[in-house]
Amino acid sequence: MRIPVCNPRTGEIDYAIDAASAAEIDAAAARLRANQPAWRGLGAEGRAAVLLKWAEALQANMGPICSKLSIDTGRLAIANIELLGVVGILQRWAAQGPAMIAALDKTDVPSANPGILISNRHVPYPLLGVIAPWNFPLLLALIDAIPALLAGCAVLIKPSEVTPRFIPELRKAIAAVPELEKVLCVVEGDADTGRAIVASVDYVCFTGSVATGRKVAEAAAAAFIPANLELGGKDPMIVLASADPATAASIALRSSVVANGQACQSIERLYVHRSIANAFLAALVAQADAVELNYPDIARGHIGPFIFPPQGDKVQAQIDAAVAGGATVLTGGRIEVLGGGKYLRPTVLIDVTPQMAIIAEESFGPVIPVTVYDEIDEAIRLANDSIYGLSAAVIGDPVEAEKVAAQLEAGAVSINDGSLTSGVWDAENSSFKLSGMGPSRMGSAGLLRYFRTQAIIKQTGQAAAIAAYAEGAVAR
Ligand code: NAD
């Protein structure tokens, strides 16, 4: 099926993909499965060496990949950051992964049962499926795939149909490493292709919305495979009375509007102590007003258009509903259509309530709703009053901040910074509540999740005969 693709900077449909059919997914899965045993047989060091060759190929193809990725996403700097991020992930896993794998296997460890020796082998899932969203199209297509390859899995990836232009260029960098091409396949497609992937792999990593994540989890349950879900967020930031208002404002602004707020770990709700609220808001609005759109010149400014234009409409509807309910917009607040793309300047709101969609639902835009609090318990209660639990942040005295962090229902809490999970890869963290399910993609769990443990249990003494189970033979 032909799928039209919109250019986020022009609003025009200027590209199309042919979605891989279920039969094509079956064929790709069969080929990858056939090649996986030899890949596993290479050993961890051998696979790490191949991944390093791929890192070189990605760097050699950086120009073409990033230029397509920047059309997909309407931004330039972050396209480069994504690619360099992937190179860093490859280098890190190649450096650290083989030792982690070597430490797993145990041989002939005496059991508590006399005469028994236990060995453990770690067997990778043969084929991982990855289904990725549009907000960081390259990075999120590869972040789960790289440790899986190192573990010895073959991998079948489907990036989002909203941002597919980089895929042919990525394939070239894969084809440049023939050992890798045998076990890594990137397909184009939409929900139907995604469904076919879930039906044909042994493990699925999904990054995207809660609604789709639920469908993927249900399909994975039906297929009896593990599903790792990395879903939405509505991350709160608590600014303590001890915080410096201007510094806190700078952290809050960056953490809320970088990538135009189109990041799962964006700060989307602020709780600020009344004693510093005025100074904080003044600094936040001044700093927000200094943020520039990357229009008309993509090589200038800080934030780009909405990658998926309907997301802009959703954010505008949240702002409008908040204002209708009594919220006040201090700056920003209205989507501008520039050259056909939809842009929103950083938008600061006050007088918001927990019931408003702008507080209760994920926005995925550069929107900063601020609530003023008097007691820290109130701030903690409001921060935890969410269906999401991805991550959070606390700004202020580090000792107090850590005490507050321990009371937050979120898988990761940044202290005196925001959204640190976006760049700190070795901090293992779970997604709480509807923000996800399954092991962490960060830290050693990011690799170890792909192994099943096989026990080899050796009897070195006398194996029991059936007589041991005879009625009357067992003492009562
Ligand atoms: P989405 O759920 O609409 O789509 C994600 C992917 O799922 C796409 O590739 C899509 O084609 C595919 N898909 C759709 N229906 C499917 C189905 N029934 N079966 C299998 N695959 C299917 O998400 P999106 O709009 O692309 O991305 C934005 C969302 O992603 C936001 O909610 C954001 O918070 C979340 N996200 C989470 C993280 C994280 O790490 N927690 C990171 C980035 C984005």
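For reference, positions follow the sequence shown, starting with 1. Counting starts at 1 for both ligands and their atoms, in listed order.
Proximity of Asp190 to ligand 1, defined as any heavy-atom pair under 4.0 Å, is confined to the backbone N, CA, C and O atoms. Only the side chain of Leu390 comes within 4.0 Å of ligand 1, counting heavy atoms alone; its backbone N, CA, C and O stay farther away. Contacts between Val198 and ligand 1 below 4.0 angstrom, taking non-hydrogen atoms only, are absent altogether. Only the side chain of Asn135 comes within contact range of ligand 1, with a heavy atom under 4.0 Å; no backbone atom does. Heavy atoms of Phe136 found under 4.0 angstrom from ligand 1: none, in either backbone or side chain. For Ser431, no heavy-atom contact with ligand 1 is shorter than 4.0 Å. At a heavy-atom cutoff of 4.0 Å, ligand 1 is contacted by the side chain of Arg441 but not by its backbone.
By the 6.0 Å and 45° rule, Arg75 stacks over the aromatic ring of Phe136.
Proximity annotation for atom 39 (C) of ligand 1: of Ala219, Cys264, Ala19, Cys264 comes nearest, heavy atoms only. Checking Leu229, Val216, Thr212 against atom 22 (C) of ligand 1, the nearest heavy atom belongs to Thr212. Of the options Ser209, Gly208, Pro133, the smallest heavy-atom separation from atom 2 (O) of ligand 1 is shown by Ser209. Within the set Ala263, Gly194, Gly129, the minimum heavy-atom distance to atom 20 (C) of ligand 1 is found for Gly194.
The closest approach between a heavy atom of Phe308 and any atom of ligand 1 is not below 4.0 Å. Using a non-hydrogen distance threshold of 4.0 Å, Gly436 does not register as a contact of ligand 1.
Residue Leu140 approaches ligand 1 through these ligand atoms, each under 4.0 Å from one of its heavy atoms: 42 (C), 43 (C). Which parts of ligand 1 touch Arg195 is read off a 4.0 Å heavy-atom cut-off, strictly below it: atoms 18 (N), 19 (N), 20 (C). For ligand 1, the atoms sitting less than 4.0 Å from at least one non-hydrogen atom of Phe206 are 2 (O), 5 (C), 6 (C), 7 (O), numbered in the order shown with element in parentheses. Atoms of ligand 1 found under 4.0 Å from any heavy atom of Glu230, numbered from 1 in the order shown, are 37 (C), 38 (C), 39 (C), 40 (O), 41 (N). In the vicinity of Ile131, heavy-atom distances shorter than 4.0 Å reach the ligand 1 atoms 6 (C), 7 (O), 9 (O), 12 (C), 20 (C), 21 (N). The distance from ligand 1 to the heavy atoms of Gly232 drops below 4.0 Å at these ligand atoms: 32 (O), 34 (O). Close approach of ligand 1 to Lys158 is summarised as follows: ligand atoms under 4.0 Å from at least one heavy atom of the residue are 8 (C), 9 (O), 10 (C), 11 (O). Near Ala132, meaning under 4.0 Å from any of its heavy atoms, are these atoms of ligand 1: 5 (C), 6 (C), 8 (C), 9 (O).
Scanning all protein heavy atoms for the shortest distance to atom 31 (C) of ligand 1 gives Glu362 OE1, 3.4 Å. Of the protein's heavy atoms, Trp134 CD1, 3.0 Å lies nearest to atom 26 (O) of ligand 1. Atom 41 (N) of ligand 1 has as its closest protein heavy atom Leu231 O, 2.6 Å. Scanning the protein for heavy atoms near atom 28 (C) of ligand 1, the closest one is Phe364 CE2, 3.9 Å.
At least one N or O atom of Glu161 sits closer than 3.5 Å to an N or O atom of ligand 1.
Between the side chains of Asp26 and Ser200, no donor-acceptor pair of N or O atoms lies under 3.5 Å. Between Lys314 and Ser363, the side chains place no donor N or O within less than 3.5 Å of an acceptor N or O (distance only, hydrogens not considered). For the residue pair Gln265 / Thr421, no side-chain donor-acceptor distance below 3.5 Å is found, with atom types taken as modelled.
In this structure, Arg300 places its CZ atom where only 12 or fewer heavy-atom neighbours from other residues, nucleotides or ligands lie under 6.0 Å away.
Of the charged side-chain nitrogens involved, none lies within less than 4.0 Å of a carboxylate oxygen, so that Asp14 and Arg9 do not count as a salt-bridged pair. With respect to the salt-bridge test (charged N to carboxylate O, under 4.0 angstrom), the residues Glu378 and Arg381 do not qualify. Salt bridge Asp192/Lys158: absent, no basic N to carboxylate O contact under 4.0 Å. Using a 4.0 Å cut-off between charged side-chain N and carboxylate O, Asp190 and Arg195 make no salt bridge.
When every heavy atom of Asp417 is checked against every heavy atom of Met237, the shortest pair comes out as O-CE, 4.3 Å.
By the ring pair (Phe, Tyr, Trp, His ring centres under 6.0 Å) test, Tyr271 is found to be paired with no residue, residues two or more places apart in sequence or in another chain being considered. Every side chain to side chain contact (heavy atoms under 4.5 Å, CB included) that Ile167 has, sequence neighbours left out, goes to Pro159, Pro164, Arg171, Val186, Glu188.
Judged by distance alone, the side chain of Thr193 and the main-chain N or O of Ala20 form a donor-acceptor pair under 3.5 Å.
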One pair to check against salt bridge (charged side-chain N to carboxylate O under 4.0 Å, His left out): Glu218 and Lys215. What are the steps and the verdict? CA-CA 5 Å; Glu218 286 168 4; Lys215 289 181 198 160; over 6 Å; no
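In this structure, the separation between CD on Glu362 and CG on Leu231 is 9.5 Å, given to the nearest 0.5 Å.
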